[in-house]
Amino acid sequence: MKNKTGSTIYLSLAFLAAFSLAGCGKKEPVEEKPMASSPAAAPAATPIDPATAATVAGTVKFDGAAPKPAKIDMSQDANCKGSNSAENVVVADGKLANVFVYVKEGLGNRTFAAPAEPVVLDQSGCKYHPHVLGVMAGQTVKIANSDPTTHNIHPTPKDNREWNESQAPQAPALEKSFAREEIMLPVKCNQHPWMKMYVSVTKSPFYAVTGADGKFEIKGLPPGDYTLAFVHEKLGEQDQKVTLAAKDSKTVDASFKP
């Protein structure tokens with residue numbers, strides 16, 4: 001019995017020693033971690049050859065009886081002495097102003113540097129000038145207050161950062177920018193509820209705003225197939241296709257109904 005027990009203990013110790021040696025000698029596989037992928041670099045802008053650049057222009061019309069501009073009551077602030085007509089639908093001789101026109105599709109992966117020169121938004125007569133402003137993402141917007149009263153500028157974006165800042169009379173211009181494309185971003189004044197305008201932020205410099213004559217012009221486009229978007233704050237959006245050849249100059253008109 002003693003011999004049997006001793007043999008059992010001996011065999012058990014031998015087994016454990018063998019197992020231990022095997023475990024120490026075995027090299028555990030090293031788990032390979034996937035390399036962190038570098039963020040994709042923004043595609044470089046393809047230079048546009050001025051010798052082949054094309055132009056698209058046109059007129060935006062209003063099809064129907066022009067609505068009478070609504071009157072604005074500015075009596076709450078004696079310092080507000082500007083025009084008291086609303087600017088949400090401005091029609092003259094059948095032409096529609098304040099339509100934002102831009103290249104919505106067709107530029108592919110091209111990128112464009114924001115211009116160093118700022119665009120200017122002024123507050124005068126307790127109204128924003130211009131009523132519709134185009135700017136590239138990252139470009140500076142200088143906001144001036146030419147009124148003898150305090151304003152409160154308050155953009156209410158969906159895709160950009162919201163901010164709300166007061167500006168006293170004759171105060172230095174505020175300098176702001178918007179990081180992402182967003183068309184017809186509303187801007188209001190918390191001091192004067194009738195004050196409202198729209199900033200359209202684009203990824204490219206190919207945009208325009210129709211004037212009182214309803215006309216627009218977009219220059220410098222490389223040859224290609226494009227979708228132009230016509231956007232109005234009250235009347236919605238229309239899209240039109242256009243193909244531009246090298247040095248082409250085409251007319252694309254649009255018409256909105258009440």
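Just so it is clear, the model here is predicted, and its values are computed rather than measured.
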Exercise. Does F178 share a hydrophobic cluster with L133, counting links as ILVMFWY side-chain heavy atoms below 4.5 Å and allowing steps through other members?
Worked result: yes
Exercise. Do V90 and M184 sit in the same hydrophobic cluster, where Ile, Leu, Val, Met, Phe, Trp and Tyr count as joined when their side-chain heavy atoms come under 4.5 Å apart?
Worked result: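 Different hydrophobic clusters.
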Tell me whether [X] contacts the main-chain N or O of [Y] through its side chain, where contact means a donor paired with an acceptor under 3.5 Å.
X    : Y    : answer
K127 : W194 : no
E105 : A229 : no
N152 : Q191 : no
D253 : T59  : yes
D159 : R180 : no
Q123 : I143 : no
E181 : A137 : no
E87  : P69  : no

Compare every heavy atom of [Y] with every heavy atom of [X], then report the nearest pair and how far apart it is.
X    : Y    : value
S85  : K71  : OG-NZ, 3.6 Å
N145 : Q167 : ND2-O, 3.1 Å
L107 : Y226 : CD2-CE2, 3.8 Å
E233 : H131 : OE2-NE2, 2.5 Å
A245 : P223 : C-CB, 3.9 Å
M74  : C126 : CE-O, 4.2 Å

For this session: Going by the side chain to side chain contact (heavy atoms under 4.5 Å, CB included) test, name the single residue among T210, V231, V199, V209 that passes it with V132.
Result: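 For V132, the side chain to side chain contact (heavy atoms under 4.5 Å, CB included) test succeeds with only one of T210, V231, V199, V209, which is V209.
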Problem set entry | Test ring-ring contact (aromatic ring centres under 6.0 Å, His included) applied to Y207 and Y102, F100, F216, the passing residue |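 For Y207, the ring-ring contact (aromatic ring centres under 6.0 Å, His included) check succeeds only for F100.
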Exercise. Is any side-chain N of the basic residue among E217 and K215 closer than 4.0 Å to the acidic one's carboxylate O?
Worked result: no
May I ask you to test the [X]-[Y] pair for a side-chain heavy-atom distance under 4.5 Å?
X    : Y    : value
P130 : L121 : yes
V103 : V56  : no
F62  : S255 : no
S204 : R110 : no

Exercise. If you measure from CG on N88 to CE on M197, what distance do you get to the nearest 0.5 Å?
Worked result: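 If I round to the nearest 0.5 Å, the distance is 14.5 Å.
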For this session: Working to the nearest 0.5 Å, report the span between NZ of K219 and OG of S249.
Result: 9.5 Å
Problem set entry | Ring center gap for F230 and F256 short of 6.0 angstrom |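 Aromatic pair excluded; centres sit 6.0 Å or further apart.
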Short side-chain donor-acceptor distance under 3.5 Å, [Y] and [X]:
X    : Y    : result
T227 : D239 : no
D147 : T149 : no
E182 : N160 : yes

For this session: Identify, with sequence neighbours excluded, every residue that meets side-chain hydrogen bond (donor to acceptor under 3.5 Å, both in side chains) alongside K176.
Result: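 Checked K176 against side-chain hydrogen bond (donor to acceptor under 3.5 Å, both in side chains); matches are E165.
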Exercise. Does CD in E117 sit with more than 12 non-hydrogen atoms of other residues, nucleotides or ligands closer than 6.0 Å?
Worked result: no
Exercise. Under 6.0 Å from the NZ atom of K250, do we count more than 12 heavy atoms belonging to anything else shown?
Worked result: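 Check passes, neighbour count above 12.
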